[in-house]
Participant: 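This is the structure, below, for whatever I ask next.
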2 protein chains.
Amino acid sequence: MVENRDKSLVKWLGETSLFVGMEEQHLRELSGIAMVVSYKRRATIFSEGDPGSGFYLVKEGKVKIYMISPDGKEQILHIFGPGDPFGEVAVFAGQSFPAHAVALENSRLVFLPRDDFVVLVAANPALGLSLLAVLSQRLRQFTKMIDALSLKEVPGRLAAHLLYLSKKQSTGDLQLELSKTQLASLLGTIPETLSRMLSKLQREGFVTIEGAKISIVDRVGLVELAEIGKF
Amino acid sequence: MVENRDKSLVKWLGETSLFVGMEEQHLRELSGIAMVVSYKRRATIFSEGDPGSGFYLVKEGKVKIYMISPDGKEQILHIFGPGDPFGEVAVFAGQSFPAHAVALENSRLVFLPRDDFVVLVAANPALGLSLLAVLSQRLRQFTKMIDALSLKEVPGRLAAHLLYLSKKQSTGDLQLELSKTQLASLLGTIPETLSRMLSKLQREGFVTIEGAKISIVDRVGLVELAEIGKF
DNA sequence: TCAGCAGGTTGACTTAAGTCAATGATAATC
DNA sequence: GATTATCATTGACTTAAGTCAACCTGCTGA
């Protein structure tokens, strides 16, 4: 709370994709309602059904958003890192959180309480537009995810994800930031299957694997696989 | 185009969930930029990759939003009816449409061009908030959809959907508004499988089926099925 | 140092659901 | 009212991927 009016927080908010380009004054207003909170690794930030009393920005660390099926299987929806906002859906739908959130590492988050924030948006259309862009972006991501989950088989999803990572990391040598178990859940499958598919990808000469490091060998082949979704 | 300044269009816009409660003046501004367009059954409204030059409201008729996998399978994302907005994602993400849209029936749509609309939003925060609510709602729907697609088997998805319909229609006797083929695609499966599952549901005494009319017999059982997702 | 545990890999088996193909049943069109 | 399409259903078959179980690391902490 001491950091509320901290100059550095204002600055940081302004570097965030959600608030980039906003006027100093509005950033100050934002930081006025913001609270910095810390979560230890594995701590749960909110659970499905919790009332959406506000939303978060990741300041440091990593956060996993996921759902649990009745029989205990987990499906990861997102992994968020520094600068990413999450939990805004509940704020604007005026409902409870539709999924769970836990810290994957010791993390510091900026919490923005719903009511205060809505007031700011009402006073500042640019803020609204910025948020609309973020939500639209997220919707688009989900579209892709539904596409992957319903239209592609595991190898296809895996290939698509590897390509996505290589774009993000802009290199052919990928460092997995997630345990393979987590990656499996993100791809909507289980560790065993993922393991088999990775070996298969290696056997067929698409990639080479050394622990958490994956190198793309045959990018063209991977692209094809991601599209067709079959070996 | 003649209808642009039509009083009835203003009124209709104000009854739309997106714009409900907005001041007369803003509604008039909206109707000033709106265009009413007609599409015949099966006509495509936009395709994946088309530039998002604006978005739509369904005035009359029904619209299907869907994706196609490389090998031709279709996954329906939404079916929209009168009053529903669609295509806003591309507008605010400032990108192209991520999916296809076709008219399921002869339909009349209200088109709102992107640039004009953004100006209005910038001038009117309430409009932004309203849109944020809609997008959040949609995001929440997708969350559920991903949940269903990745965590539940077809019977579970089907049971969940039937319950959803019965809530919407608030009766135990459901009238399917979609062909079973379409329903299959909405559930992320194929007609054959859907057909088998429906027979199975009937055989096990959960529902009775007569053509497009489905009556829920054992609601409790269905709920359980939707949760557990297994017979 | 060693027990214990989480994460990863591999094999054998099972199963849900997709494909292919044939046949009825509507509904639409001329 | 006959003729195509389109949709729905059913059966036989195939297959991707999940379950179960064994086993192997490499750590962490007593």
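Letters A, B, ... are given to chains in the order of the sequence lines, protein chains preceding strands, and every chain is numbered from 1.
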Participant: Mark yes or no for whether Thr16(A), through its side chain, and Leu18(A), through its backbone, hold a donor-acceptor pair below 3.5 Å.
Facilitator: no

Participant: Which pairs of donor and acceptor atoms, one on a side chain in residues 92-103 of chain A, lie under 3.5 Å apart (sequence neighbours left out)?
Facilitator:
residue: Gln95(A); atom: OE1; partner: Arg140(B); partner atom: NE; Å: 2.9
residue: His100(A); atom: ND1; partner: Glu48(A); partner atom: N; Å: 3.3

Participant: For the helix from dT1(C)-dA30(D) to dC30(C)-dG1(D), measure the angle between the helix axis at one end and the axis at the other, each built from five pairs, rounding to 10°.
Facilitator: 40°

Participant: When the aromatic ring centroids of Phe86(B) and Phe55(B) are compared, is their separation below 6.0 Å?
Facilitator: no

Participant: Counting only side-chain nitrogens and oxygens, does Thr181(A) get under 4.0 Å of the OP1 or OP2 atom of dA6(C)?
Facilitator: no

Participant: Closer than 4.0 angstrom, basic N to acidic O: yes or no for Lys40(B) and Glu105(B)?
Facilitator: no

Participant: Who pairs with Asn106(B) by side chain to side chain donor-acceptor pair (under 3.5 Å), at least two apart in sequence or on another chain?
Facilitator: none

Participant: Are Ser107(A) and Arg41(A) close enough, and set up right, to give a side-chain hydrogen bond (donor to acceptor under 3.5 Å, both in side chains), and what steps lead you there?
Facilitator: CA-CA 7 Å; Ser107(A) 300; Arg41(A) 181 175 146 87; over 6 Å; no

Participant: Mind jotting down which residue pairs meet the ring pair (Phe, Tyr, Trp, His ring centres under 6.0 Å) criterion with at least one end in residues 155-192 of chain A? Sequence neighbours excluded, please.
Facilitator: His161(A)-Tyr164(A)

Participant: Going 5' to 3' on DNA chain D, which nucleotide is the first and which the last to come under 4.0 Å of a heavy atom in chain B?
Facilitator: dC7(D) to dA12(D)

Participant: Give me the residues of residues 186-205 of chain B where at least one heavy atom lies under 4.0 Å from an atom of DNA chain D, by number, or none.
Facilitator: Glu192(B), Ser195(B), Arg196(B), Ser199(B)

Participant: Under 3.5 Å, which donor-acceptor pairs do the side chains of residues 182-199 of chain A form with other protein atoms, sequence neighbours left out?
Facilitator:
residue: Gln182(A); atom: OE1; partner: Lys64(A); partner atom: NZ; Å: 3.4
residue: Ser185(A); atom: OG; partner: Glu74(A); partner atom: O; Å: 3.1
residue: Ser185(A); atom: OG; partner: Glu74(A); partner atom: OE2; Å: 3.4
residue: Ser185(A); atom: OG; partner: Ile76(A); partner atom: N; Å: 3.2
residue: Ser199(A); atom: OG; partner: Ser195(A); partner atom: O; Å: 2.7

Participant: Taking only residues two or more places apart in sequence or in another chain, which ones pass salt bridge (charged side-chain N to carboxylate O under 4.0 Å, His left out) with Lys180(B)?
Facilitator: none

Participant: For Lys213(B), enumerate each residue passing the salt bridge (charged side-chain N to carboxylate O under 4.0 Å, His left out) test, keeping only those at least two apart in sequence or located in another chain.
Facilitator: Glu210(B)

Participant: Using the test salt bridge (charged side-chain N to carboxylate O under 4.0 Å, His left out), find all partners of Asp84(A) that sit at least two apart in sequence or belong to another chain.
Facilitator: none

Participant: If you restrict it to nitrogen or oxygen atoms, what contacts under 3.5 Å exist between nucleotides 24-28 of chain C and the protein, and what is each distance?
Facilitator:
none

Participant: Once salt bridge (charged side-chain N to carboxylate O under 4.0 Å, His left out) is applied, do any residues pair with Glu60(B), and if so which ones, sequence neighbours excluded?
Facilitator: Arg108(B)

